K.L.:
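Below: one structure in structure tokens.
Source: prediction; values computed, not measured.
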Amino acid sequence: MEINFDFLKDSKYFNEQYPAAEKIYKLYTIDDYRDVISNARLLLETIVKKIFKLENLNQYYPIRDGEYRNLRNDTHYLRSEVNYPLSIMDLFDEVRRMGNAAIHDSKLEPDKKQAWHCICDLHDILVFLINSYESRDLYYIRPDIAMEAQTDEKHYFNRKSKSITTQHIRLSDHKSTKKKTNHQNKNLKKAKYYSSTKQENKENNTQPTNIDDSNQKPENIFTKIKHFFAKK
């Protein structure tokens, strides 16, 4: 697979990065893999600074005591301020870590495969940025990045002023118990009351004339037979 950075020449925001990117590719062709990776990290620094300007981010963002602003803290701050896909931000971290190892570890001897991987990371970072900020439709090297890196200018550019914040529902807000319903204040349809016993006459407030036989036990079959033969 062949790769080049010619698409940077016509870029509105990242054309200044073309000479450095082209230099990295030439270093790859002469098998200078250490310089490929170390220069990719240096180019990433200029890319991050450019994003800070495009997004109007504070380059003097707060840091912890004893720390200082470097590429690592810049990319971490970038994660918290912009809504780039996670796969793209992972490429930032990967180029940074590979570059640090190539610069500071003299015993490390990067091979061709590692250098190519670093160039592909850098290529897809730049493709994403140009597609996002300039509404282009450039191709990514890896299809997995192409699937995850959605390129919508309205989504990525100036997202701080355009984004709509939504309140997330906490898990504790959800209850598994059945909600109790209070029927006292509701106009419920009354059900008719049916009874098999004679009701009291409420108008004259009189009691029924029949004798209350509620305590009397009904005759069983043997008693009836006894009475029948007694009559005979």
K.L.:
Mind checking ring pair (Phe, Tyr, Trp, His ring centres under 6.0 Å) for Phe14 and listing every partner two or more places apart, or none if nothing turns up?
P.N.:
none
K.L.:
Mind listing the closest non-hydrogen atom pair of Cys120 and Ile141 along with its distance?
P.N.:
SG-CG2, 3.7 Å
K.L.:
Check the hydrophobic clustering (I, L, V, M, F, W, Y; side-chain heavy atoms under 4.5 Å; chains of links allowed) and say if Tyr13 and Leu78 are grouped together.
P.N.:
yes
K.L.:
Please determine whether residues Tyr133 and Tyr139 belong to a single hydrophobic cluster, defined as Ile, Leu, Val, Met, Phe, Trp and Tyr linked transitively by side-chain heavy-atom distances below 4.5 Å.
P.N.:
no
K.L.:
Kindly check if the number of other-residue, nucleotide or ligand heavy atoms within 6.0 Å of NZ (Lys50) is above 12?
P.N.:
yes
K.L.:
How many angstroms lie between atom CG of Asn100 and atom CE of Met98, to the nearest 0.5 angstrom?
P.N.:
11.5 Å
K.L.:
Can you tell me how far apart CG (Asn39) and SG (Cys118) are? Round to the nearest 0.5 Å.
P.N.:
10.0 Å
K.L.:
Measure the shortest side-chain to side-chain distance between Arg96 and Arg72 over non-hydrogen atoms and say whether it is less than 4.5 angstrom.
P.N.:
yes
K.L.:
Tell me every residue that passes salt bridge (Lys or Arg N to Asp or Glu O under 4.0 Å) with Glu22, counting only those two or more places apart in sequence or in another chain.
P.N.:
none
K.L.:
Measure from the side-chain N and O atoms of Glu134 to the backbone N and O of Lys12, and report whether any donor-acceptor pair falls under 3.5 Å.
P.N.:
yes
K.L.:
Please report the interatomic distance CH2(Trp116) to CG(Asp111), rounded to the nearest 0.5 Å.
P.N.:
14.0 Å
K.L.:
Tell me whether Ser11 contacts the main-chain N or O of Leu8 through its side chain, where contact means a donor paired with an acceptor under 3.5 Å.
P.N.:
no
K.L.:
Measure from the ring center of Phe128 to the ring center of Tyr84 and say whether it is less than 6.0 Å.
P.N.:
yes
K.L.:
Looking at OG of Ser38 and CG of Asp32, how far apart are the two atoms once the value is rounded to the nearest 0.5 Å?
P.N.:
7.5 Å
K.L.:
Are Ile103 and Tyr33 in one and the same hydrophobic cluster, where Ile, Leu, Val, Met, Phe, Trp and Tyr link if side-chain heavy atoms are under 4.5 Å apart?
P.N.:
no
K.L.:
Going by an N to O cut-off under 4.0 Å, is there a salt bridge joining Arg142 and Asp124?
P.N.:
yes
K.L.:
Do Tyr68 and Tyr60 share a hydrophobic cluster (ILVMFWY, side-chain heavy atoms under 4.5 Å, transitive)?
P.N.:
no
K.L.:
Closest approach of Arg69 and Tyr61, non-hydrogen atoms and distance?
P.N.:
NH2-O, 2.7 Å
K.L.:
Looking at every non-hydrogen atom in both residues, tell me the closest pair between Asn15 and Lys9 and how far apart they are.
P.N.:
CB-O, 3.9 Å
K.L.:
Could you walk me through whether Tyr77 and Asn58 pass side-chain contact (heavy atoms from CB on, under 4.5 Å), step by step?
P.N.:
CA-CA 10 Å; Tyr77 180 70; Asn58 180 18; 4.1 Å; yes
K.L.:
What heavy-atom pair brings Ile119 and Ile3 nearest, and what distance separates the two atoms?
P.N.:
CG2-CD1, 3.6 Å
K.L.:
For Phe92 versus Leu44, what's the shortest heavy-atom pair and its separation?
P.N.:
O-CD2, 3.4 Å
K.L.:
Atom CG in Leu54, atom CG in Leu129: separation rounded to 0.5 Å?
P.N.:
8.5 Å
K.L.:
Regarding Arg79 and Asp90, does a basic nitrogen lie under 4.0 Å from an acidic carboxylate oxygen?
P.N.:
yes
K.L.:
Restricting to non-hydrogen atoms, name the atom on Glu45 and the atom on Leu71 that form the minimum distance, rounded to 0.1 Å.
P.N.:
CG-CD2, 3.9 Å
K.L.:
Side-chain heavy atoms nearer than 4.5 Å, only ILVMFWY residues, links allowed to pass through others: does that put Ile37 and Val95 together?
P.N.:
no
K.L.:
How long is the span from the CG atom in Asn131 to the CG atom in Asp137, to the nearest 0.5 Å?
P.N.:
6.0 Å
K.L.:
Hey, does the Lys NZ or Arg CZ of Arg136 hover above the aromatic six-ring of Phe7, less than 6.0 Å from the centre and inside 45° of the axis?
P.N.:
no
